[in-house]
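Report on the following structure.
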Amino acid sequence: MAERRSVDFWFDPVCPYTWITSRWLVEVTRVRPVTVRWRVMSLSVLNEHRDDHPEGEWEDYMWAPVRVCAAVEERFGQRALGDLFTAMGTRFHLRGDWGDLTAALTDAGLPEELAEAAGSTAHDEAIRTSHAEAVALAGTDIGTPVLALGTSGGDGERVGFFGPVVSPAPTGEEAGRLWDGFALLATVPGFYEVKRTRSGEPRFDMPG
């Protein structure tokens with residue numbers, strides 16, 4: 001049997017392409033011996049030193065969901081964070097319901113009072129620390145998501161990449177083959193980037 005691998009996945013829940021990639025990774029866990037560790041990062045932190053505002057009118061809102069995510073991770077851990085991310089993504093990206101973080105917490109089976117973290121800076125330092133870890137692995141010229149996995153040889157070293165950006169999310173063995181290719185690229189010390197321009201809007205016809 002293949003050895004089980006752990007992968008770290010940094011996300012900001014407001015990003016639609018991050019949500020699609022996460023659904024691919026969930027599908028990977030069904031067809032490959034892979035375990036996901038959900039981690040938070042922030043587009044607000046990523047863009048805070050820019051003169052322009054790439055996220056436009058969403059700029060002021062974007063802190064709220066990731067703060068709630070950080071509060072959940074602190075109190076209930078990684079599994080609960082993954083459950084909340086699924087609940088948020090389902091509401092945000094599949095239903096277009098951006099306004100009610102309390103409902104997302106309820107969907108994930110978590111206490112509603114954690115929605116109060118949305119307006120608090122209490123977890124900002126933890127968000128910045130987690131975000132900085134992603135940047136340290138993948139570099140500064142990145143976005144969300146960041147995916148990191150161990151290199152070959154069993155020495156515990158991790159390599160991180162921005163992406164992969166894929167739309168829609170592959171399913172079944174197609175998802176597994178994409179993972180196999182991604183994991184293979186991570187074994188090449190000098191590999192840095194593959195990219196082509198996205199066309200069309202993000203497609204959410206994916207596994208749940």
Side-chain angles (χ1 to χ4, degrees), residues 1-41 43 46 69 73 77-90 92-94 130-131 133-208:
M1 293 182 63
E3 181 181 357
R4 179 163 291 276
R5 300 189 70 172
S6 293
V7 56
D8 292 283
F9 185 86
W10 279 268
F11 66 90
D12 186 318
V14 305
C15 175
Y17 285 104
T18 295
W19 166 250
I20 297 171
T21 300
S22 76
R23 298 309 92 184
W24 159 69
L25 199 54
V26 168
E27 185 74 358
V28 168
T29 67
R30 297 170 179 151
V31 297
R32 295 292 187 272
V34 172
T35 300
V36 181
R37 292 188 295 248
W38 303 103
R39 313 289 298 278
V40 294
M41 63 184 300
L43 285 168
L46 188 71
C69 285
E73 182 179 17
Q78 296 270 321
R79 184 182 296 273
L81 175 60
D83 291 343
L84 178 61
F85 181 32
T86 294
M88 282 183 169
T90 300
F92 294 173
H93 305 300
L94 302 188
S130 181
H131 181 98
E133 186 177 353
V135 170
L137 287 166
T140 56
D141 54 339
I142 59 163
T144 173
V146 167
L147 195 156
L149 62 162
T151 56
S152 61
D155 56 7
E157 181 183 356
R158 289 183 301 165
V159 59
F161 296 98
F162 163 61
V165 176
V166 58
S167 174
T171 60
E173 187 56 24
E174 184 181 355
R177 288 195 300 270
L178 177 57
W179 166 261
D180 295 341
F182 188 86
L184 180 61
L185 290 174
T187 68
V188 181
F191 174 76
Y192 295 104
E193 183 175 18
V194 167
K195 187 173 182 178
R196 64 175 175 171
T197 301
R198 293 193 298 266
S199 60
E201 296 298 316
R203 289 178 54 189
F204 298 115
D205 43 324
M206 63 184 79

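S130 is not listed as a side-chain neighbour of E73, based on a closest heavy-atom distance of 4.5 Å or more. Within the 4.5 Å cutoff, side-chain heavy atoms of R39 are placed close to those of E133. At least one side-chain heavy atom of L147 sits less than 4.5 Å from a side-chain heavy atom of P164. Within the 4.5 Å cutoff, the side chain of V26 has no heavy atoms near those of the V36 side chain. Between F92 and P16 the shortest side-chain heavy-atom distance does not fall below 4.5 Å.
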> Between T35 and R5, does a side chain to side chain donor-acceptor pair (under 3.5 Å) hold up when you go through it step by step?
Replying inline: CA-CA 6 Å; T35 300; R5 300 189 70 172; over 6 Å; no
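Here the closest non-hydrogen pair linking A175 and E27 is CB-CG, 3.7 Å. For the pair C15 and L43, the tightest heavy-atom approach, listed with the atom from each and the gap, is CB-CD1, 4.3 Å. Here the shortest heavy-atom pairing between Y17 and S167 reads CE2-CB, 4.0 Å. Residues V31 and G172 share a closest heavy-atom pair of CG2-O, 3.7 Å.
With sequence neighbours excluded, no residue satisfies side chain to side chain donor-acceptor pair (under 3.5 Å) with S22. When the side-chain contact (heavy atoms from CB on, under 4.5 Å) test is applied to E173, the partners found at least two apart in sequence or on another chain are R32, R177.
To the nearest 0.5 Å, atom OG1 of residue T187 and atom CG of residue L184 are 4.5 Å apart.
Formation of a donor-acceptor pair under 3.5 Å by the W10 side chain with backbone atoms of T144 is not found in this model. With hydrogens and angles ignored, the 3.5 Å screen pairs a side-chain donor or acceptor of R4 with a backbone N or O of V34. With hydrogens and angles ignored, the 3.5 Å screen pairs a side-chain donor or acceptor of T86 with a backbone N or O of G82.
You'll find the ring centres of F85 and W38 inside the 6.0 Å limit. Aromatic ring centroids of Y192 and F161 lie 6.0 Å or more apart.
In R79, the CZ atom is not crowded: 12 or fewer heavy atoms of neighbouring residues, nucleotides or ligands sit closer than 6.0 Å.
T171 and R23 form no side-chain donor-acceptor contact under 3.5 Å, judged by distance and modelled atom types alone.
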